> 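A single structure is presented below for examination.
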Amino acid sequence: MANKKTITTNSGSPVNHYQDSQSVGDRGPLLLQDYFLHEKLAQFNRERIPERIVHAKGSGAYGKFTVTHDISKYSRAKLFSEIGKETKLFVRFSTVGGEKGSADTERDPRGFAVKFYTEDGNWDLVGNNTPVFFIKDPKKFPDFIHTQKRDPKTHCKNPTMVWDYWSLNPESLHQVLILMSDRGTPVGYRYMNGYGSHTFSLVNKDNERFYVKFHYKTMQGHKTFTDAQAEEMKGKDPDYAQRDLVEAIEKGDFPRYALKIQIMDLEQAKTFKWNPFDLTKVWPHSEFPLIDVGEIELNEIPENYFQDVEQAAFAPANLVDGIGFSPDKMLQGRILAYPDAHRYRIGANYDSLPVNKCPYATNNYHRDGAMRFDGNGGSSPNYYPNSFDGLQEDENYKGQPYELESNVVGYFDRNDPAGNRNEDDHFTQPGILFDQVMNDQEKQHAISNIVGAMSGISGPKKDDIINRQLCHWFRASTTLGMGIAKGLGVDVDKIMKDLKH
Ligand code: NDP
């Protein structure tokens, strides 16, 4: 048997010629029987797994969540059960549109996905650094993402298709404004917030249900690059965010984020002026104040990037008792889409890989599948009910039925202005962000970033696209619209006339 210091084949046999292939004479052709040559090249050919279609470029770290405040009146989830309680977690940050080799400082939302390893199973909160999103129905996702990727002919990024799509989908306006502000280019992952973005629900021990939004507030303070700094960094250090995270954690400067929630009760949900399940809207803090829950600390970089970061698989489907779904259509779509993506990218048994595996017991009758390496249930029964293994369904987790607002099945216009939900109001919230939240410098930067990005629109539909998008900006804020129109050299009187129609 080979001692531990000997190089071996994958099957464990010691290798004597690691670098010289077996040949016929020193200048002769190679022999098929040099199996290790084949093994080495074959393994190399298979080093890559499909990259994620979105969120391909990412960074990850392990850490812990500590409860600092009691929220048991809202949720019975065990991870929140006691002040001081700690839960191990894994976080993966990412950009969205770029490929695995793309630059970390691209203007893009940032993924902020957290896997809490709780004793009731893994809870994945798969969010972004923005509280809202570009679309509000998952059926729109593939089209939207196509516009963020490469042009089918030139294979280059194409601002015309980006703005064509956004201008035809004004529900994107809120997210586009956030993206175009300096928060669209954060200085790495330590200096930005995270948001669960969707509306979820919480359930307490009395089975009372509340709607909830999750926020992670950076405890390092916000730091953003200007557009010019971000552009420069793309060339200087495309892996800036990865390097920054690794270096900070390795020197003991652990990034921390405060977990906070907003709560809306079921009655408030009925009367809220916007649809509380619309992913393009936030809940104003003045009406739904932030409630402290705990702190996240990231304190360990995985020993092996591929094993833990590349193979990490998060799914909004992974909830724990005390935390539930909501009718948010984007959330509903993601429940299905994420595990499906992992089965394609990693394989049927992705949940058994160390980073994804629940560290507590998992017992069921799923068996077999490619790359089964976890014992596969051994000799225990692979069917239920059975007379042997004593496994049972658990009455304590049966959940509570709840009523829906409607029992009518149909395809409903997501932007239908009928009713009291202001479904077609894509403008008020971005308007408040620009007019009331941003300071003068932030306003100036947002305008110049938008002007820079929209200047890339070209081709025969250029004027249509620009005018259509300008109308949306004007509807959100006249100052914003004027600033962009001026920057693009557009005749504002004409836009105003179009707006009246
Ligand atoms: P508040 O005035 O109470 O707070 C403003 C919020 O905006 C803070 O959460 C702040 O984050 C965040 N913020 C500041 N600049 C930006 C930016 N460029 N991009 C994204 N977020 C930013 O807000 P309201 O609750 O009354 O909402 C007003 C507007 O603020 C909303 O229309 C929305 O656009 C934006 N906003 C609201 C959030 C919410 O959940 N209510 C969350 C994020 C944004 P921080 O405190 O970390 O500085």
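Every number for a ligand or one of its atoms is a count from 1 in the order of the listing. Because the structure is predicted, anything quoted here is derived from the model rather than measured. Below, each value reflects all heavy atoms present in this structure, side chains not excepted, and no hydrogens, waters or symmetry copies.
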> Can you pull out the closest protein heavy atom to atom 37 (C) of ligand 1? Residue, atom name and distance to 0.1 Å, please.
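Of every protein heavy atom, Val282 CG2, 3.8 Å lies nearest to atom 37 (C) of ligand 1.
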
> May I ask you to list the atoms of ligand 1 that are less than 4.0 angstrom from any heavy atom of Gln262?
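With Gln262 as reference, the close atoms of ligand 1 come out as 40 (O).
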
> Considering distance alone, does some N or O of Lys217 sit under 3.5 Å from an N or O of ligand 1?
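Yes: some nitrogen or oxygen of Lys217 is under 3.5 Å from one in ligand 1.
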
> Would you sort out whether His222 and Tyr191 count as a ring pair (Phe, Tyr, Trp, His ring centres under 6.0 Å), showing the intermediate values?
CA-CA 5 Å; His222 288 282; Tyr191 303 102; 9.4 Å; no

> So is Glu442 close enough to ligand 1, meaning a heavy atom under 4.0 angstrom away?
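The answer is no, since Glu442 has no heavy atom less than 4.0 Å from ligand 1.
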
> Hey, what's the ring geometry for Trp166 with Phe134, parallel, tilted or perpendicular (30° and 60° as the breaks)?
parallel

> Considering the options Arg468, Lys462, Lys461, which one meets the salt bridge (charged side-chain N to carboxylate O under 4.0 Å, His left out) requirement together with Asp164?
Arg468

> Going by the order shown, which atoms of ligand 1 are within less than 4.0 Å of some heavy atom of Pro284?
25 (O), 41 (N)

> Under the 6.0 Å and 45° cation-pi test, does Arg209 pair with Tyr402?
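Positive - Arg209 is close enough to the ring of Tyr402 and near enough to its axis.
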
> Between Trp123 and Phe214, does the ring centre distance come in under 6.0 Å?
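Aromatic pair counts; centres sit under 6.0 Å.
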
> Which ligand 1 atoms, with their elements, are less than 4.0 angstrom from a heavy-atom of Asn193?
11 (O), 45 (P), 47 (O)

> Tell me, please: is His215 in heavy-atom contact with ligand 1, that is, under 4.0 Å?
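His215: in contact with ligand 1 (<4.0 Å).
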
> Mark yes when over 12 heavy atoms from residues, nucleotides or ligands other than Asp206 sit less than 6.0 Å from its CG; otherwise mark no.
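Yes.
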
> If you measure from each heavy atom of Ser286 to ligand 1, is any distance below 4.0 Å?
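No, Ser286 has no heavy atom closer than 4.0 Å to ligand 1.
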
> Counting C-beta onward and ignoring hydrogens, is there a side-chain heavy-atom pair between Asn207 and Arg76 closer than 4.5 Å?
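Side-chain contact under 4.5 Å: yes.
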
> Here's one to test your reading of the geometry: is the NZ or CZ of Lys88 within 45 degrees of the ring axis of Tyr62 and under 6.0 Å from its centre?
yes

> Cationic tip of Lys115 within the cone over Phe90's six-membered ring, i.e. under 6.0 Å and within 45° of the normal?
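The answer is no, since Lys115 fails at least one limit relative to Phe90.
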
> Centre-to-centre under 6.0 Å for Phe93 and Tyr189, is that the case here?
yes

> What residue and atom, counting heavy atoms only, is the protein's closest point to atom 23 (O) of ligand 1, and at what distance?
His285 ND1, 3.6 Å

> Relative to each other, are the rings of Phe225 and Tyr240 parallel, tilted or perpendicular (30° and 60° limits)?
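Phe225 vs Tyr240 ring planes: perpendicular.
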
> Please list, in number order, the atoms of ligand 1 under 4.0 Å from a heavy atom of Trp283.
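Answer, ordered by atom number: 39 (C), 40 (O), 41 (N).
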
> Consider every N or O of Gln429 and every N or O of ligand 1, then say whether any pair is closer than 3.5 Å.
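Yes - when backbone and side-chain N and O of Gln429 are compared with those of ligand 1, one distance drops under 3.5 Å.
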
> For a salt bridge (Lys or Arg N to Asp or Glu O under 4.0 Å) check, start with the C-alpha distance between Glu295 and Lys260, then their side-chain angles and the critical distance, and finish with the verdict.
CA-CA 9 Å; Glu295 275 179 33; Lys260 295 171 191 271; over 6 Å; no

> Any N/O of His174 closer than 3.5 Å to an N/O of ligand 1?
yes

> Looking only at protein heavy atoms, which one is nearest to atom 43 (C) of ligand 1, and how far off is it?
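In this structure, atom 43 (C) of ligand 1 has Pro131 CG, 3.4 Å as its nearest protein heavy atom.
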
> Considering only the protein, which heavy-atom contact is closest to atom 18 (N) of ligand 1, and what is its distance?
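Ranking protein heavy atoms by distance from atom 18 (N) of ligand 1, first comes Ser181 OG, 3.0 Å.
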
> Could you check atom 35 (C) of ligand 1 against the protein and tell me its nearest heavy-atom contact, residue, atom and distance included?
Leu433 CD1, 4.0 Å

> Between the side chains of Arg243 and Glu250, is the shortest nitrogen-to-carboxylate-oxygen separation below 4.0 Å, so that they form an ion pair?
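The answer is no: the pair does not qualify as a salt bridge.
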
> If you count the atoms of ligand 1 from 1 in the order shown, which ones are under 4.0 Å from a heavy atom of His222?
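Per the distance check, 45 (P), 47 (O), 48 (O).
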
> Consider ligand 1: state whether an atom of it lies below 4.0 angstrom from any non-hydrogen atom of Phe288.
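It does not; every heavy atom stays at 4.0 Å or beyond.
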
> For atom 20 (C) of ligand 1, state which one of Leu179, Ile178, Leu290, Thr218 supplies the nearest heavy atom.
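Nearest heavy atom to atom 20 (C) of ligand 1 lies in Ile178.
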
> At under 4.0 Å between heavy atoms, which part of Arg183 makes contact with ligand 1: side chain, backbone, both or neither?
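Arg183 to ligand 1: side-chain contact only, backbone stays beyond 4.0 Å.
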
> Any idea which protein heavy atom is nearest atom 29 (C) of ligand 1, and the distance to it?
Val437 CG2, 3.9 Å

> List every atom of ligand 1 that sits less than 4.0 Å from any heavy atom of Ile432, numbering the atoms from 1 in the order shown and giving each element.
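What qualifies from ligand 1 is 28 (C).
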
